Amino acid sequence: MERKIKLIFIFFFLNYMIFPVNLIMRATQNELVSITVVSPCGRADEGISGLLSVLFLYQREKWRKSLWNSGGRVEAKINEDSSYFRVIALKNYWNVATNVTESLIFDSQINPISLETAKKILVMSLPRPTLEDFGPFLFYPMSEYGHPFPVIADIMKINSSHLRALKNKCFSPSRVRVIVEGGFVPSVVKNIYMKKIADYPPPPRLVEPPDRPPIGVGFLPDDEYHVIWFFKLIEEREILPIKYLIHSLAMNSEGLLYTMFSGKIRVNSGIKYGRNVSFGWIDLKVNDPKDLREVFFVSRRVIYGKLRTGIEEEEYNRARKYELGREKYYKSLPWPIFRREWKAIRMREKKMSIEQMNNVLKNFPLRSTSVLITGRENNIKEILDRVSSIGVFDSLGRFMYELSSE
């Protein structure tokens, strides 16, 4: 009897281990079913700007009628080096969600009508980076990892072969994770994916961030005035110290920068998590253009000084309390497996004491900090006199030219 139990265990273990699709399932009594395809590919792996956006729109357009009839909806997220495509439908229509996601992984046939429709939709509403998206452009200018957002010409040259190549590279069965949650029959869903498995060749290598010096100060012409500080995080042990540093500097009503510039700025902050590299950011929106110079130089002095002195115990306790509340809130949300797996594919924080965090901050390299200033060019002349050069970007993240103080 014991031998039979061992054989059964080995059978299921091998069945899971050789299953090329990393399939994570959780059946519940939920009236909905959610199926998500998570990929370690992002905009850095597109080759052509906007290719992932076109693929996800194509997938939605190809299945528009089925999604409409079932009341299903599509969600998609594209980061620099990770992305996901998700379908949510009523549990009675779980097969629609399955059909849409399995075709993303296994179907090599591209419908030309759906492709052209997807391109037209994207052209009518081209995606644009927010100010917080500019981290990769500052640290990896003119590289695949600092991939600018698309223009119309990029979208129009995309064809079926580009979509097939991207699917083979980024949505190969051995590369993606498929997360299924909600009201469905596990054995049926698993068999649907397993019967499609064939001898897939190893997918191409993904893009890795290059090692290059950042642009120390970037400028984006704009009608609003911002000073956005960025912190490049390439090791997981750097995430928590920088997160707590940002808390101490930018937390509303209590953060050091908030109190120093009270009435002059509005503060926003956060961390954009990536698979290879993450970016912490502090956005100081300047109310009056005449304060731009002061906000830039004083905030630089404060940030560099805080890196040296580290986090105080009161700041640590305040940030810890905030993070515990945030963690409790996220645990109360639905679809926990999807959120867990999406988090797992990106960099994760390492738990540290306040002493360990301060040690990381003291040794945090200044080449891992950069700043983006927005406004009108005549307002940065006083700043240019005090720095060696400023790199100018367009609104899509393209590096245009350099202003020099010489």
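Remember, predicted model here, so these are calculated numbers, not experimental data.
- Taking a 6.0 Å sphere around CD of Glu382, one finds it holds 12 or fewer heavy atoms contributed by other residues, nucleotides or ligands.
- In summary, the aromatic rings of Phe171 and Phe85 are positioned with their centroids too far apart to meet the 6.0 Å limit.
- For Asn359, the side-chain contact (heavy atoms from CB on, under 4.5 Å) partners two or more places apart in sequence, or in a different chain, are Asn363.
- Salt bridge annotation for Glu61-Arg64: present, with a cationic side-chain nitrogen under 4.0 angstrom from a carboxylate oxygen.
- Judged as a side chain to side chain donor-acceptor pair (under 3.5 Å), and not counting sequence neighbours, Arg266 has no contacts.
- Counting only residues at least two apart or on different chains, the disulfide bond (SG atoms under 2.5 Å apart) pairs with a member in residues 26-106 are Cys41-Cys170.
- Within 6.0 Å of CZ on Arg73 lie no more than 12 heavy atoms contributed by other residues, nucleotides or ligands.
- When the ring pair (Phe, Tyr, Trp, His ring centres under 6.0 Å) test is applied to Tyr330, no partner is found at least two apart in sequence or on another chain.
- Between Asn159 and Ser161, the side chains place a donor N or O and an acceptor N or O closer than 3.5 Å (distance only, hydrogens not considered).
- Within a 6.0 Å sphere centred on CZ of Phe296, heavy atoms belonging to other residues, nucleotides or ligands number more than 12.
- A salt bridge links Glu116 with Lys119; the closest basic N to acidic carboxylate O contact falls under 4.0 Å.
- Within 6.0 Å of CZ in Arg212 there are more than 12 heavy atoms belonging to other residues, nucleotides or ligands.
- The neighbour count for Arg26 CZ, taken as heavy atoms of other residues, nucleotides or ligands under 6.0 Å away, does not exceed 12.
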Distance-only criterion, 3.5 Å: show the donor-acceptor pairs between side-chain atoms of residues 141-152 and protein atoms not counting sequence neighbours.
| unit_1 | atom_1 | unit_2 | atom_2 | d |
| --- | --- | --- | --- | --- |
| Ser143 | OG | Tyr140 | O | 2.8 |
| Ser143 | OG | Tyr145 | N | 3.3 |
| Ser143 | OG | Gly146 | N | 3.2 |
| Tyr145 | OH | Asp81 | OD2 | 2.3 |
| His147 | NE2 | Ser49 | OG | 3.4 |

Please report, to 0.1 Å, the donor-acceptor pairs under 3.5 Å made by any side chain of residues 51-60, with sequence neighbours excluded.
| unit_1 | atom_1 | unit_2 | atom_2 | d |
| --- | --- | --- | --- | --- |
| Tyr58 | OH | Asn111 | N | 2.8 |
| Gln59 | NE2 | Val100 | O | 2.8 |
| Gln59 | NE2 | Ser103 | OG | 2.4 |

